[in-house]
> 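A single structure is presented below for examination.
Predicted model, so just to flag it, every value in this text is computed and none were measured. A note on names: the letters A, B, ... follow the listed sequences, proteins ahead of strands, and every chain is numbered from 1.
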Number of protein chains: 2
Amino acid sequence: MKRKEDKRPLADEIAQAIQLGEYRSGEWLRQVDLEERFAATRFDVRAALEALVVRKEIQHVRNRGYKVPALDPEMLAHLREVRVILECGAVPQIVANATDEDVVRLAELAEAFSVAAKSGTHLDQSTTNREFHEAMHALTANPVLVETIWSIRDRGRSAPFTIWRTPDTLHRSDEDHRQMVHCIRERDAAGLSKVIEDHIRRRH
Amino acid sequence: MKRKEDKRPLADEIAQAIQLGEYRSGEWLRQVDLEERFAATRFDVRAALEALVVRKEIQHVRNRGYKVPALDPEMLAHLREVRVILECGAVPQIVANATDEDVVRLAELAEAFSVAAKSGTHLDQSTTNREFHEAMHALTANPVLVETIWSIRDRGRSAPFTIWRTPDTLHRSDEDHRQMVHCIRERDAAGLSKVIEDHIRRRH
DNA sequence: TGCGTAATAATTGGCGCCAATTTTATTGCG
DNA sequence: CGCAATAAAATTGGCGCCAATTATTACGCA
């Protein structure tokens, strides 16, 4: 069996499955299961799992295997705090760098999320949300900052399945995205920081 | 040959060797060499190298091996910028959390660095510097923030061999540490942020 | 002497294998 | 029926191996 010669590293595929709630907190990831599911060799699976351990997205227990860590409230609070620092730290550069075209593009991406929020699948919502934030963070023109932000977000599993349990939370995220676009359009750094911080700190 | 049953993961040992300038930018890390040097099996070496790739501390080139990345000025600037965001973002919690005992401890660690700066080895300087900063960041009581800070610092190889090329730069770092302790003692968040930012942005 | 080609040596990549460990099932006893 | 012990099954961990690839050396020719 040969792994589809494609696109993303296996580690990212597994990570996405975790993000989408296909593996729950505390759940063990069996190598043999992953081999089947992802059409991968054991060697590939093991390498991917090790990478995810380094990224702290999963945990390894010797002789027992790998599992999706339970995210206790304290860890979540730590992750949120670091997100606030990073994402608010990114604001000056986002506001300074955004062109009119960028703002138009962001508005389109916010709209795409809005559509997905109303009538899309969980995957749609996750994808459009990610695309919106990726485009926004890319405005910093600092790839290290972008990947650091995502490394923290991914660890906290900031994805629909864990967050958007109700239409209300979806709606709030939709509204927050619009606010973010508005603040960027107006070059309002303080306003953008506030929206982002509130967005991150909000209890879902 | 069995690896000394000990202390730190091999990846960290290799990382430190890189930090200390034992491998230069652009240099290839030969698996067979590392096996010898670190008394490790090939399996262990390969796992360690892969971990360092995930951590972006080294780069992998297929069929050719692993190498220490050259840090171009642009990448260094990105890393510095993220360090500023993170380390200045840590300031409010450092200042809020530090007890009198903490301040005394930090002053001792700053003094240890001062001694190493005057008459210690590069390793002494690296170790005492790291200990000082570790103690300071630990005051945030946010392990995620601490490890994120270090992941960025380590990528930028913020270590003596690459930074402290002259007694003058060592002296400045010594002075900066004292200033940091002073600001913490006085609960001067703005002052501490400034010292840290200047410290990071300084061209060495 | 310099260049190109072929041969040889060295290194990397990933596979298969099996020992070690853990989990599950079975059996026997009170 | 519940528990403990044993056996069997499943899973993990790391080793050895060799094919594939790259680097180096040797050779021949102009």
Side-chain angles (χ1 to χ4, degrees), chain A residues 1-18 21-71 155, chain B residues 1-18 21-71 155:
Chain A
M1 169 154 39
K2 186 75 199 290
R3 174 161 161 79
K4 359 183 213 185
E5 211 64 88
D6 70 289
K7 30 195 152 170
R8 298 182 300 158
L10 179 57
D12 289 347
E13 283 197 58
I14 294 170
Q16 181 176 33
I18 293 169
E22 290 168 29
Y23 297 97
R24 286 158 303 154
S25 295
E27 186 165 353
W28 294 95
L29 302 170
R30 290 283 160 240
Q31 291 176 25
V32 286
D33 293 343
L34 298 180
E35 288 175 49
E36 275 187 38
R37 172 170 177 179
F38 294 98
T41 63
R42 182 133 172 273
F43 183 84
D44 288 337
V45 166
R46 289 163 72 180
L49 291 175
E50 277 305 317
L52 289 172
V53 168
V54 172
R55 285 154 61 168
K56 299 188 198 292
E57 291 187 45
I58 63 173
Q59 289 173 338
H60 175 235
V61 181
R62 185 176 176 83
N63 290 329
R64 299 196 56 194
Y66 298 81
K67 70 176 179 178
V68 177
L71 291 172
R155 279 170 67 183
Chain B
M1 172 157 34
K2 186 63 199 271
R3 175 163 162 77
K4 2 180 211 184
E5 212 66 89
D6 72 287
K7 15 185 167 169
R8 298 182 300 159
L10 180 58
D12 289 346
E13 283 197 58
I14 295 170
Q16 181 176 33
I18 294 169
E22 291 168 27
Y23 298 98
R24 286 156 305 154
S25 292
E27 186 166 353
W28 295 96
L29 302 170
R30 290 283 161 240
Q31 291 177 24
V32 288
D33 292 343
L34 298 179
E35 287 175 50
E36 273 189 36
R37 174 171 174 179
F38 293 97
T41 64
R42 184 137 172 270
F43 184 84
D44 289 337
V45 165
R46 289 162 74 179
L49 291 174
E50 277 305 316
L52 289 173
V53 168
V54 173
R55 285 153 62 168
K56 299 188 197 292
E57 292 187 45
I58 65 173
Q59 290 174 339
H60 174 235
V61 181
R62 185 175 177 83
N63 291 328
R64 299 197 56 196
Y66 298 81
K67 71 175 178 178
V68 178
L71 292 172
R155 280 172 64 183

> Of the nucleotides D:dT11, D:dT21, D:dC15, which has the atom closest to the B:Asn63 side chain?
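Given the options D:dT11, D:dT21, D:dC15, the side chain of B:Asn63 is closest to D:dT21.
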
> Among D:dT12, C:dG14, C:dG13, find the nucleotide with the atom closest to the side chain of A:Gln31.
D:dT12

> Run the side chain to side chain contact (heavy atoms under 4.5 Å, CB included) test on B:Leu49 and B:Leu34 for me, step by step, so that the C-alpha distance in whole Å, both residues' side-chain angles and the decisive distance to 0.1 Å come before the verdict.
CA-CA 10 Å; B:Leu49 291 174; B:Leu34 298 179; 3.7 Å; yes

> Considering residues at least two apart in sequence or located in another chain, which fulfil the side-chain contact (heavy atoms from CB on, under 4.5 Å) criterion with B:Val54?
A:Ala51, A:Val54, A:Arg55

> For the residue pair B:Gln31 and B:Tyr66, confirm or rule out a side-chain donor-acceptor distance under 3.5 Å.
no

> Using whole Å, report how far CD of B:Glu36 lies from P of C:dA10.
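So the two atoms are 13 Å apart, to the nearest Å.
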
> Under 4.0 Å from OP1 or OP2 of D:dG13: is there any side-chain N or O of A:His60 that close?
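Affirmative; the distance criterion is met.
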
> Between B:Trp28 and B:Arg46, which has a closest nucleotide on DNA chain D that is more 5'?
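The residue whose closest nucleotide sits nearer the 5' end is B:Arg46.
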
> Counting heavy atoms from C-beta on, name the nucleotide in C:dG14, D:dC15, C:dT23 closest to the side chain of A:Arg64.
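For the A:Arg64 side chain, the nearest candidate turns out to be C:dT23.
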
> With sequence neighbours left out, write down each residue that passes side-chain contact (heavy atoms from CB on, under 4.5 Å) with A:Ala47, or none if nothing qualifies.
none

> Counting side-chain heavy atoms from CB outward, which of D:dT11, D:dC15, C:dG14 is closest to B:Thr41?
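Of all the options, the side chain of B:Thr41 is nearest to D:dC15.
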
> Within the pair A:Arg30 and D:dT12, is there a side-chain N or O less than 4.0 Å away from OP1 or OP2?
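True: A:Arg30 side-chain N/O within range (under 4.0 Å) of D:dT12 OP1/OP2.
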
> Looking at five pairs on each end of the helix from C:dT1-D:dA30 to C:dG30-D:dC1, what is the angle between the two axes, given to 10 degrees?
0°

> Establish whether the base of D:dG14 is bridged to the side chain of B:Arg42 by a donor-acceptor pair shorter than 3.5 Å.
no

